[in-house]
Protein chains: 2
Amino acid sequence: MPATIMKKKITLKQIARELDVSISTVSKALRNSIEISEDTRQKVQAFAKLYNYRPNNIALSLKNRKTKTIGVIIPDIVHHFFSKVIRGIELVANKRGYNVIVGLSNESFDKEVINMQMLANGSIDGFILSISKETLQQQDYHHFKETINQGMPIVMFDRIVNEINCDKVIIDDLKGSKNAVSKLLSNGCENVAIITTKDYVSVGKLRTQGYLNALEDFKMSPETDLILKVDDELVSEDHLESLEREIEGLFKRNKNIDGVFAVNELYAIIAMKVARNLGMRIPEDIQFIGFTDGVLSKHATPSLTTVSQHGQLMGEKAAELLIDNLEREDEMEHYTTIVIETELIERNSTK
Amino acid sequence: MPATIMKKKITLKQIARELDVSISTVSKALRNSIEISEDTRQKVQAFAKLYNYRPNNIALSLKNRKTKTIGVIIPDIVHHFFSKVIRGIELVANKRGYNVIVGLSNESFDKEVINMQMLANGSIDGFILSISKETLQQQDYHHFKETINQGMPIVMFDRIVNEINCDKVIIDDLKGSKNAVSKLLSNGCENVAIITTKDYVSVGKLRTQGYLNALEDFKMSPETDLILKVDDELVSEDHLESLEREIEGLFKRNKNIDGVFAVNELYAIIAMKVARNLGMRIPEDIQFIGFTDGVLSKHATPSLTTVSQHGQLMGEKAAELLIDNLEREDEMEHYTTIVIETELIERNSTK
DNA sequence: ATAAGTAACGAAAACGTTTGCGTGTTGACA
DNA sequence: TGTCAACACGCAAACGTTTTCGTTACTTAT
């Protein structure tokens with residue numbers, strides 16, 4: 001095959017040289033400035049079209065001191081919820097002329113910091129992020145504070161922390177889980193267990209609280225043995241067997257469990273599996289509700305009743321918030337927190 | 001709350017002014033040039049550290065004419081396979097000092113073109129992409145050709161097209177599906193059906209061919225009625241009921257089906273559900289294998305035997321290929337195609 | 001003492017834009 | 001013919017770097 005002729009990207013300077021005019025004339029001609037005669041304007045535009053001229057983004061970014069790019073840092077991308085959020089972010093970002101650059105913290109504090117530093121040096125105009133578990137555990141938020149201090153706006157979603165002053169998009173974890181548990185209780189469940197995470201994950205804590213609140217509403221007192229706090233480290237990759245054993249233990253110790261609320265989809269699915277193996281019928285003998293609506297819930301058998309977080313909507317709202325902030329003229333800083341309503345999606349794991 | 005004092009990002013110029021030296025001196029001092037005296041070097045570096053100086057990425061990009069950023073265009077991000085690929089890309093990109101900027105084509109030709117144009121104007125050094133269905137259908141690849149012609153390298157993965165000359169990372173769809181179907185046949189299946197897509201999706205076509213090859217190997221002749229070509233449009237969002245009905249029809253017309261190979265995970269899961277509703281036992285009466293290993297396969301009941309595509313590995317290889325290309329000195333263009341081996345992950349839907 | 005060499009720094013160009021302002025040419029009008 | 005607009009264009013600065021090439025001032029050797 002013959003070496004193909006490359007039509008490298010053309011610049012204003014090259015157009016100027018070809019047409020024997022100055023760079024500024026070319027620039028103005030392309031932007032339809034009235035300073036330029038009809039004649040040369042047409043000439044320049046024709047030439048530019050012919051060579052498919054497009055202004056260099058980097059040069060524009062440098063000149064305008066804004067990149068029209070937003071940085072997104074999330075703990076994991078192979079995760080239904082987070083990818084839905086990204087889809088939402090990308091949707092409105094694109095609509096408003098922005099690009100999206102993603103960094104994965106992989107739930108690690110160091111990677112989160114590195115990633116933010118890598119992007120904060122002019123590559124982006126602002127951040128949208130969800131805090132990694134390790135960061136939440138260590139409670140070290142200096143990188144967020146510094147970033148904000150340098151004048152770079154941040155929007156946090158889902159996994160947030162009150163200590164940081166910035167825009168936030170969250171769901172009402174407490175209300176969502178309270179509703180879910182209430183649903184189980186009104187459906188006749190008398191011994192509802194909860195499968196949750198250790199408390200340092202803020203959402204886990206809130207969802208546990210919602211469980212307790214629901215019990216209280218129904219004048220029932222919580223039993224410690226019905227609260228299973230799973231160590232997330234164990235579940236991280238493929239140590240699901242230990243989780244299964246823990247849940248099995250829960251069921252065997254409490255034969256009367258007739259309802260389970262799990263703080264995420266996977267826990268619920270696994271719990272259903274264990275229950276079925278123990279001979280319980282769903283939803284006749286025992287009912288299940290999970291938090292975080294994903295593919296598993298929809299396609300499991302029986303399909304799982306879940307609390308939907310509306311991930312895509314969260315992403316959209318976060319992007320709106322950030323871009324509004326970026327394009328706002330007045331420098332008055334006022335931070336808003338958007339609360340997305342959760343929704344109970346009823347399927348076949350409940351009566 | 002008092003207005004916080006902002007420590008805006010500091011530049012070389014500001015350091016120079018503060019320390020009463022020239023910009024070049026500051027730059028050299030920070031890069032440990034021997035031209036600079038020990039004295040001023042220390043002074044500059046101390047000042048820089050104090051004010052947390054970091055070189056502006058955009059300025060560097062402009063000067064070096066490379067952004068250290070790679071653009072990724074995929075059809076959908078809420079998809080286990082694609083998110084795994086992104087994870088792989090991000091992993092090696094990060095390791096090699098690159099950022100990743102993602103664009104979603106949403107399976108649309110126009111959005112694919114727009115997205116590429118948006119990024120090709122200097123924002124990135126090269127593309128990694130998987131072609132949208134609409135583009136494959138229309139067979140209009142001019143945007144790829146133009147991009148490559150402008151000297152911007154492209155690496156395609158999974159959904160590729162031979163017509164374009166560039167690096168590629170694919171799996172051996174034919175071999176993978178042939179292996180899967182052979183597995184069913186050696187397990188004793190005598191009437192294996194395939195649930196596949198319309199032919200314009202290249203991978204669907206290849207996987208169908210693998211199915212036929214396997215039959216041939218076992219001296220069996222294909223029956224047209226055992227080949228179900230699903231119209232993808234119908235399945236796109238939530239029109240799964242029609243898919244269920246189609247599959248139900250397949251089973252009812254061919255009572256003797258004892259094995260099913262589906263070209264993706266979802267089809268297999270739904271087929272299993274339909275089969276179970278029809279009273280068939282899995283894997284005793286009928287066995288299932290799906291392509292594309294995802295969360296559904298692992299957590300379904302029974303868990304689904306699948307052909308794993310090793311999405312993360314694909315992403316890693318694609319990124320290696322692209323970055324190697326970007327950092328190669330010699331301009332000799334030679335395109336390589338990496339074929340990732342598929343792996344049959346046996347679970348409980350087969351004997 | 002003078003030539004040569006060296007150490008330490010600054011000026012300027014370059015990357016590709018946009019834009020305020022200066023400047024030359026034309027034409028009209030007094 | 002001289003003055004003044006209007007028109008059409010170019011210059012140069014700016015965004016923040018890096019790097020080449022001077023340019024000093026001082027030291028060393030002859």
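No experiment lies behind these values; they were computed from the predicted model shown. Note on naming: letters A, B, ... go to the chains in the order of the sequence lines (proteins, then strands), and numbering restarts at 1 for each one.
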Between the side chains of A/Arg87 and A/Glu316, is the shortest nitrogen-to-carboxylate-oxygen separation below 4.0 Å, so that they form an ion pair? no
Is it true that A/Lys111 and A/Glu134 make a salt bridge, defined as a side-chain N closer than 4.0 Å to a carboxylate O? no
Could you state the [atom1]-[atom2] distance from [X] to [N], rounded to the nearest angstrom?
X       : N      : atom1 : atom2 : answer
A/Lys66 : C/dT18 : NZ    : P     : 15 Å
B/Ile34 : C/dC9  : CD1   : P     : 13 Å
A/Ile36 : D/dG10 : CD1   : P     : 8 Å
B/Ile58 : C/dT17 : CD1   : P     : 14 Å

* Asked: Under 4.0 Å: is that the gap between some side-chain N or O of B/Ser37 and OP1 or OP2 of C/dA7?
  -> no
OH of B/Tyr141 to CG of B/Leu136, rounded to nearest 0.5 Å, is 5.0 Å
NZ of A/Lys43 to CD1 of A/Ile36, rounded to nearest 0.5 Å, is 11.0 Å
Counting primed atoms, P, OP1 and OP2 as sugar-phosphate and everything else as base, the B/S/- map of nucleotides 14-27 of chain D against protein heavy atoms under 4.0 Å is BBBBBBBB------
For this session: Indicate, with a heavy-atom threshold strictly under 4.0 Å, whether B/Thr40 touches base, sugar-phosphate, or nothing.
Result: sugar-phosphate
- Query: With under 30° as parallel and over 60° as perpendicular, where do the rings of A/Phe109 and A/His142 fit, or are they tilted in between?
  - Reply: tilted
Are any of the side-chain heavy atoms of B/Tyr53 and B/Ile15 separated by less than 4.5 Å?
yes
